[in-house]
Enquirer: 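Below is one structure. I have some questions about it.
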Amino acid sequence: MSEKFKFDESLKDDEKKFGFSSKGETFKIAEGDNKFRVLTKGICLASHFQGKGQKSPICYGQDKGCQYHGYFDPANPQAGEHQKANLKWAMYVIDRKDNKIKLAFMPHTVIKAVAEYQKSEDYSFDGLPMPYDITLKAKGAGTKEVEYTLMPSPKQSELTEQEASDLEAKMPIDQLVEKLKNKQMSADSSNDDE
């Protein structure tokens with residue numbers, strides 16, 4: 001006898017639990033200009049490259065049994081890349097394309113540039129959310145050879161009441177990252193049981 005399961009209900013539960021949905025609630029860096037505002041600190045999140053077109057599993061730590069550390073598949077010419085974790089910083093941003101708060105996974109070069117702005121004389125800030133937007137120009141988006149150019153806006157502004165309220169309603173970013181890691185750990189242990 002088959003077990004009853006409804007993907008739609010499960011998806012809605014997961015979206016609520018993790019504080020985002022599949023309906024464009026993740027900030028994706030596209031080719032060209034991407035304007036956004038950083039709202040929260042970034043939490044480092046590693047993933048393991050599984051080959052072009054494959055989903056990269058989230059690393060929950062070698063000390064916690066992440067099965068992708070040191071993985072080697074001689075049948076896969078890119079197998080050596082599995083051993084190294086790809087680092088991104090998970091944070092909330094306002095995507096200025098639709099003015100929605102979204103989960104973003106920012107690359108190291110972007111976070112490094114934001115850190116430089118924070119220290120600069122003209123663009124310094126000491127708290128979050130950032131007081132201005134950033135335009136990120138991506139050339140070769142979606143490839144390993146992508147090049148980013150960032151430009152901060154000279155215009156500073158407070159969040160609107162709606163933006164502040166929407167941010168307050170989000171799950172704290174550190175809790176969200178923990179849930180993502182736990183979900184990957186659970187999925188890996190389920191696969192091991194099969």
Enquirer: Between Glu178 and Leu176, is there a side-chain heavy-atom distance shorter than 4.5 Å?
Expert: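 No, side chains not in contact.
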Enquirer: Looking at Glu163 and Thr160, would you say the former's side chain and the latter's main chain have a donor-acceptor pair under 3.5 Å?
Expert: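 Checked: pair present.
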Enquirer: Mind checking whether Cys59 and His48 have side chains closer than 4.5 Å, heavy atoms only?
Expert: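 They are in contact (side-chain heavy atoms under 4.5 Å apart), so the answer is yes.
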Enquirer: Indicate yes or no: at least one non-hydrogen side-chain atom of Phe27 is less than 4.5 angstrom from one of Val93.
Expert: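 Counting from C-beta outward, Phe27 and Val93 do come under 4.5 Å.
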Enquirer: With a cut-off of 3.5 Å and sequence neighbours excluded, list every side-chain donor-acceptor pair involving residues 146-156.
Expert:
unit_1 : atom_1 : unit_2 : atom_2 : d
Ser153 : OG     : Lys155 : N      : 3.1

Enquirer: Please table the atom pairs, donor to acceptor, closer than 3.5 Å between any side-chain atom in residues 104-115 and protein atoms at least two apart or in another chain.
Expert:
none

Enquirer: Would Ile43 and Met91 count as a side-chain contact (heavy atoms from CB on, under 4.5 Å) here? Give the steps.
Expert: CA-CA 7 Å; Ile43 305 285; Met91 62 181 57; over 6 Å; no
Enquirer: Return the set of residues passing side chain to side chain donor-acceptor pair (under 3.5 Å) with Gln162 (not counting sequence neighbours), or none when no residue passes.
Expert: Asp166
Enquirer: Who pairs with Glu145 by side-chain contact (heavy atoms from CB on, under 4.5 Å), at least two apart in sequence or on another chain?
Expert: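 Glu145 satisfies side-chain contact (heavy atoms from CB on, under 4.5 Å) with Thr143 once adjacent residues are dropped.
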Enquirer: Please find the pair of heavy atoms, one from Ala141 and one from Glu31, that lie closest to each other, and give the distance.
Expert: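 Minimum heavy-atom separation between Ala141 and Glu31: N-OE1, 2.8 Å.
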Enquirer: Please lay out, stage by stage, how Leu87 and Leu45 fare under the test side-chain contact (heavy atoms from CB on, under 4.5 Å).
Expert: CA-CA 6 Å; Leu87 301 179; Leu45 188 63; over 6 Å; no
Enquirer: Do Lys170 and Ile101 make a side-chain contact, defined as non-hydrogen atoms from C-beta onward lying under 4.5 Å apart?
Expert: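 Yes, side chains in contact.
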Enquirer: Checking Ser186 side chain against Asn182 main chain: does a donor-acceptor pair fall under 3.5 Å?
Expert: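 Answer holds: no.
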Enquirer: A quick test of your reading: do over 12 heavy atoms of other residues, nucleotides or ligands sit less than 6.0 Å from NZ of Lys35?
Expert: no
Enquirer: Leu136 and Phe36: side-chain contact (heavy atoms from CB on, under 4.5 Å), yes or no, with the steps?
Expert: CA-CA 8 Å; Leu136 181 156; Phe36 63 94; 3.8 Å; yes
Enquirer: Could you go through residues 126-134 and list every donor-acceptor pair under 3.5 Å that involves a side-chain atom there, pairing it with any protein atom two or more places apart or in another chain?
Expert:
unit_1 : atom_1 : unit_2 : atom_2 : d
Tyr132 : OH     : Tyr123 : O      : 2.7
Asp133 : OD1    : Arg37  : NE     : 2.8
Asp133 : OD1    : Arg37  : NH2    : 3.3
Asp133 : OD1    : Arg96  : NE     : 3.4
Asp133 : OD1    : Arg96  : NH2    : 3.3
Asp133 : OD2    : Arg96  : NE     : 3.0

Enquirer: Report yes if some heavy atom in the side chain of Lys102 is under 4.5 Å from a heavy atom in the side chain of Thr26; otherwise report no.
Expert: no
Enquirer: Less than 4.5 Å apart, any side-chain heavy atom of Val177 and any of Ile58?
Expert: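 No. Closest side-chain heavy atoms not under 4.5 Å.
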Enquirer: At their closest point, which heavy atom of Ala138 faces which heavy atom of Ile29, and how far apart are they?
Expert: CB-CG2, 3.7 Å
Enquirer: Check whether any side-chain heavy atom of Asn34 sits under 4.5 Å from a side-chain heavy atom of Lys97, and report yes or no.
Expert: yes
Enquirer: When rounded to the nearest 0.5 angstrom, what distance separates NZ in Lys179 from CD in Gln175?
Expert: 7.5 Å
Enquirer: When Ile, Leu, Val, Met, Phe, Trp and Tyr are grouped by side-chain heavy atoms lying under 4.5 Å apart, directly or through other members, which residues fall in the same group as Met185?
Expert: Tyr60
Enquirer: Are the side chain of Thr40 and the backbone N or O of Tyr92 linked by a donor-acceptor pair below 3.5 Å?
Expert: yes
Enquirer: Report the residues that fulfil salt bridge (charged side-chain N to carboxylate O under 4.0 Å, His left out) with Asp33, sequence neighbours left out, ordered by chain and then residue number.
Expert: Lys137
Enquirer: Can you sort out the partners of Glu116 under salt bridge (charged side-chain N to carboxylate O under 4.0 Å, His left out), two or more places apart, ordered by chain and number?
Expert: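 Partners of Glu116 under the salt bridge (charged side-chain N to carboxylate O under 4.0 Å, His left out) test: Lys119.
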